[in-house]
Structures are given as structure tokens and as C-alpha cells.
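Computed over heavy atoms, backbone and side chain alike; hydrogens, waters and symmetry mates excluded.
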Amino acid sequence: MNEYDVILGEQQPMARWSAALYIRLSKDDGDTAESNSVTSQREILKEYVRQNEDVEIYDYYVDDGWTGTNFNRPSFQRMIQDVYDGRVNCVIVKDLSRFGRNYTDSGYYIDNVFTRFNTRFIALNNNYDSASKSMNAYTKCITIGVQNVINESVAATTSVNVRGTLNMNRKQGKFIGSFPTYGYFKDPNDHHKLVIDDEAAPVVRQIFKWFIEGKSIIGITRELNTLGIVNPTMYKKQKGWNYNRSNANNDGLWCDSTVRRMLTNQMYIGNMVQGKNTTISYKIKQCKSVPKDDWIIVENTHEPIIDKNTFEKAQSLFNRSIRKAPAKTEVDLFSGFIKCADCHRAMSKKTNKHSYGTYEYYRCVTSSKLDRTACSPHSIRIDKLEKTVLTAIQAMIDTAIELDVLLEKINKKTENNGACLAKKSLEKLVAERDKIKDMMLELYPDWKSGMISKDEYMSLKENMAEKVKGLDEKIADFEKNLADDNKRNENDFLTIFKQYGKIDKLTRPILTELVDSILVHKDGNITINFKFKDAYEQIIEFIESKSHLESIA
């Protein structure tokens, strides 16, 4: 027989009851009224003891901030252990909802555990006392069962309402978390808003800079730890925040997963990302991940730490197959960019050692890994590849500069000719529309004065309204064409390529921003797929559309 297998029987009368006064409060299940406060509950329970001389207080058990939908509460578990150990033979609560809001588990403790251990249970506001002679067993069972069902339904309803309110706030871009993302503080004037933490934000910027420059995730982690920069968990603790995660790294050292999450976190570009995790149910508080498509993301809710261009560069690197030697902290210059032109698989870096020297090259290994017929052994030396790519990028930069000069000349020519004509035509249309609107205003007095009949008034008004509508459409088309012409001056291809000017060395940041992929053909030739291809074609198309102009040179 174990300690729980006691002999059941009628509860023997005792001179005194050793009572546990149990108190619980939680906003999670709707406990917001002042009457439910810890102080209020304590006074009610003490008053009952004062009025009943056969009851003495063994201890107070207070769970402040713990939901009633499960019983994994520290003070509750301590109380139950005292029941098992025979220190307590009476449990008193203000009402059944304080004891718990889970119908099944509440019934288990009241009907099973307390009965087996001859423990008296009292719920004051429910007029329930298991030692009462005036209430038979059937009535007690019904009373407890019905009230526990009601309490659980209240918890379920409150959970739905709370979740609805939280989701509404999330969709409005309000921050509802307990602790902000590393790099931000809660706004002292509005805790639903975030402001940049000037101490942590430079660390975030440096992590993105290192990654785009070619440093690996492991390399970044080692660098942060070498510099003695504490990880986000330790940083929050140093700030005096009551931040505690059971699975968090408490030694202050960074880990790879933390760096990786930061590099993909849209919070750093000013987007509020919430709803990534949820609890299984209002009873089971275990956390589970939410599919990415169901995250609640609201753009431009706070000041960004990282600009969108930098963030997009980082994301493009994540989508590549990037490898590095185990002893190195930086990835190779072309890692993730080199692909076989035939099978389109990433090529492997090899080293060839000879008596006359050593060189590195990329080789397609599809045929050796799959089948000889799967692909042919394409290869290219890295030193030659680097020179070729550098020359091609220099040529594209020169092209961007030349196109920019040509575009400026076209704009000046257009401004002196077509643009002026377009603006004059637009002004003429606007003036004509305004004139018709003025005439429409004069129709009503003419009708009322008897100068025109009602039928004439309605007919003229309808005709003028149609003319105004047609003129509005023409004006909108003119304004759109003028805006499109101005937009072409803000071409991404020109802006991005021009900024590099004359470069004499190829770096990973340059490669990341300008190149999408490099394809190696069987004969050793390469195809470079540059980014901003659409922007390049748009500017060429625009220039060709202006070919009717007189010679620009």
C-alpha cells in the first residue's frame, strides 16, 4: 500500500481543523474586480476562521498571476503536498473559481483527493462545506459539478475575448509583448509603440554589415563573443528587466540561432511582426509555433534600425547555398553565386596542387554524385573567374554612367520641347474643365429665374457633367504620363550601379548587390545574371521611345 491508498470511511469529528487558506488571482481568466484581489480574499478567509473556533490557520497559499485553467501552480502544489503529508486537513477558498476553472481537474481534487485524505473543503461564497450534515452526497456532487462547469465556461469565454482583443491590437500594429525585440525599448509614453535603443541598435547594424560583407553566422557569433558583447537575454537582465526563459542562454554568450533569427527579423525594418506563437488552448498553456503565413505583420509601425535595401541583401544571401571551410569564419567570395549552366546545381570549390603552384577552381560534381550522364564536368579557375566578373561589372557601371548622361540630355531636350507642350496642354484642359464647372453653377439661378425651363436645365446639366467627366479622364492621363517620365529618372539600375563609380577590386558586398547568379558553361565561358534587369530594360525602352528627337549629341 502506498501513501495515497488510505482506508476510506466516514470523516471523524475533530476538535480543530488545520486549515490551508488558498488564494488565487489572475487577469488571464477575467479576475479584474477589486473584490477578487489578494488582500480582499485574505480578509474574507481570515474572518471565517475568526468566527469558527474549531478551525486554525496552518498557512496561506497564494498564487498571484496564475490562471485557474490548470493546476500547475506553485502554491497550489505546495498545499496539495501538505495535504498528502497530513499537515493540512481543511482547505478554504473564497469561491470555487478561486480553486480552479477546469471542470475535470477541480472535480478530481475535490471528489477524489480530498475525500481520500479526509480533507474538508469549504467554498464560502458557494455555501459549500464538505463537512456539512445538512447537504447529502448527491446535492454536494450536483452543486460542485454545476459550479465548476460554469467556472470553466467563464474561463473559455474570457480566453476567446482576450485573444480577440490581442489580435485586434496586433492588426492595428500595436506592440503587445512583455519584452521588446533586442535593439528596441518600449516607448515610455505608449507601451504599444517601440523606440530605438541607442545602445543595442549599433550591434544589430554591425551584425547585418558583417553578414553582407561575407562573414559566416558562426564567424559573427565568435566575433560578438570575442568582443565581450552580451547576448540579448543577458542584456535584458542587465537592464533590470524581469526576463526569464527556461531555454535561454544565461551565460551571456551568443549562439548561432540568435544571430540567424536577427538577420531574418522584419522588426528591424520597421514592420511589427506578432502572432508567431500561441498556446494550445485556454487549458493547456504549452506554446506552439504558428505557420509563417498566419503571422500578423503590419508595416512601418516604428523607426527601422536596418534599411530595406540592406535587409533584402541579407535575405538574398540566406536563399543561396553558402558553404565555408570549417576553420574559416568568412564565406568565399563566390559562395552561393556559382552554378553549372547545364544542371543549374551549385558548383564545388576545389584546390589543385602542382609543383609549379597551387590554384583553386570551381567544378560541377553532379556527374560524380549522381550519374556520368547527369552532367559534364564543367570547371573554371577562381582567379580567372574573379577577373572576368570584375571586368563585366566595371562595364555595367560604365554603361549606367553613360545612360545617365544620355537620359539627362533627353530630359533637357524633352523639357524644352515635348514637356512644355504637355504642360501647356494640361493647363488648357484644366482651364476648360473649370470653365464648364462655373457654367454649371450658373444654370440653377437661370432655371429659378425663369430664363430656362426645368427640362432645359436638366439636359444642359447632364451634358456639362459628361464633358467634365471626359476632361477629368484626359487630365488624369496627362498627369500620369508626366509622373511616369519623372519616375524614369529614379531608375534602380542607374542608382545602384552608379554609386560604385570606378572599382578596381571585387568584394562580396558588391557581388551581393549587383549579381544574381553566375553560370559556368562547358567551354569555360560564363553568363552573369545581373540584378535590376527589368529596370535596365525600362531605361533602354524609354531612350528608344525618344529616338524621334533630334540628335542629342
Side-chain angles (χ1 to χ4, degrees), residues 3-4 6 8-26 29 31 36-135 137 139-152 155:
E3 60 177 322
Y4 303 138
V6 300
L8 302 180
E10 291 186 2
Q11 198 169 43
Q12 300 298 318
M14 298 180 63
R16 300 184 68 83
W17 296 93
S18 178
L21 306 189
Y22 183 71
I23 299 166
R24 185 188 64 81
L25 183 71
S26 171
D29 48 18
D31 304 338
N36 279 335
S37 71
V38 170
T39 302
S40 174
Q41 292 181 58
R42 189 190 301 270
E43 290 303 316
I44 291 171
L45 299 181
K46 285 169 62 178
E47 180 62 26
Y48 175 83
V49 173
R50 281 194 291 266
Q51 295 178 10
N52 293 268
E53 295 180 355
D54 62 336
V55 179
E56 65 178 3
I57 300 173
Y58 176 78
D59 201 356
Y60 293 92
Y61 302 83
V62 181
D63 283 319
D64 191 359
W66 292 83
T67 181
T69 55
N70 70 68
F71 287 81
N72 188 25
R73 313 171 215 143
S75 290
F76 182 87
Q77 291 301 321
R78 182 170 66 87
M79 178 183 71
I80 291 299
Q81 189 60 50
D82 286 345
V83 170
Y84 292 157
D85 293 340
R87 300 186 187 95
V88 168
N89 64 355
C90 179
V91 174
I92 308 175
V93 296
K94 177 194 170 189
D95 57 54
L96 285 167
S97 68
R98 299 307 94 214
F99 186 75
R101 291 185 183 274
N102 184 310
Y103 166 73
T104 304
D105 291 344
S106 293
Y108 167 76
Y109 282 108
I110 296 171
D111 297 333
N112 189 343
V113 174
F114 291 166
T115 301
R116 287 161 64 88
F117 283 87
N118 294 318
T119 301
R120 181 182 182 184
F121 179 69
I122 302 171
L124 299 178
N125 286 1
N126 301 106
N127 295 317
Y128 179 86
D129 184 347
S130 63
S132 173
K133 300 293 184 180
S134 62
M135 185 181 295
T139 304
K140 291 177 183 179
C141 181
I142 293 296
T143 301
I144 288 291
V146 170
Q147 190 58 52
N148 281 337
V149 168
I150 292 172
N151 290 336
E152 181 168 330

Problem - Geometric cation-pi criterion Arg42 and Tyr60, 6.0 Å radius, 45° cone - result: yes
Handout entry: Side-chain donor-acceptor contact under 3.5 Å, Gln77 with Gln81
Key = no
Practice task
Identify, with sequence neighbours excluded, every residue that meets side-chain contact (heavy atoms from CB on, under 4.5 Å) alongside Asn72.
Solution key: Asn70
Handout entry: Pair Phe76 + Tyr109: ring centers closer than 6.0 Å
Key = yes
Problem - Intermediate values then yes/no, side chain to side chain donor-acceptor pair (under 3.5 Å), Asp63 and Tyr22 - result: CA-CA 8 Å; Asp63 283 319; Tyr22 183 71; 2.6 Å; yes
Practice task
Using a 4.5 Å cut-off on heavy atoms from C-beta on, say whether the side chain of Arg98 contacts that of Asn125.
Solution key: no
Completion exercise
Heavy-atom closest pair (Ile110 atom, Thr115 atom, distance to 0.1 Å) is O-OG1, 3.6 Å
Practice task
Would you mind reporting whether Leu124 and Leu45 have side-chain heavy atoms less than 4.5 Å apart?
Solution key: yes
Exercise for the section: Compare all side-chain heavy atoms of Phe114 with those of Ile80 and state whether any distance is below 4.5 angstrom. Expected result: yes
Exercise for the section: Please check if the distance between the ring centroids of Tyr108 and Phe71 is under 6.0 Å. Expected result: no
Fill in the blank from the handout: When rounded to the nearest 0.5 Å, the distance separating CH2 of Trp17 from CD1 of Ile122 is 8.0 Å
Exercise for the section: Can you measure from CD1 (Ile92) to CZ (Phe121) and round to the nearest 0.5 angstrom? Expected result: 10.0 Å
Problem - Residues forming a side-chain contact (heavy atoms from CB on, under 4.5 Å) with Arg78, sequence neighbours excluded - result: Asp59, Tyr61, Asp82
Problem - Close side-chain approach of Phe99 and Asp105, heavy atoms under 4.5 Å - result: no
Exercise for the section: Could you tell me whether the side chain of Asn52 and the main chain of Asp54 form a donor-acceptor pair under 3.5 Å? Expected result: no
Fill in the blank from the handout: For Glu56, the side-chain contact (heavy atoms from CB on, under 4.5 Å) test, sequence neighbours excluded, returns Arg16
Exercise for the section: Give the minimum heavy-atom separation between Thr119 and Cys90, together with the two atoms involved. Expected result: CG2-N, 3.7 Å
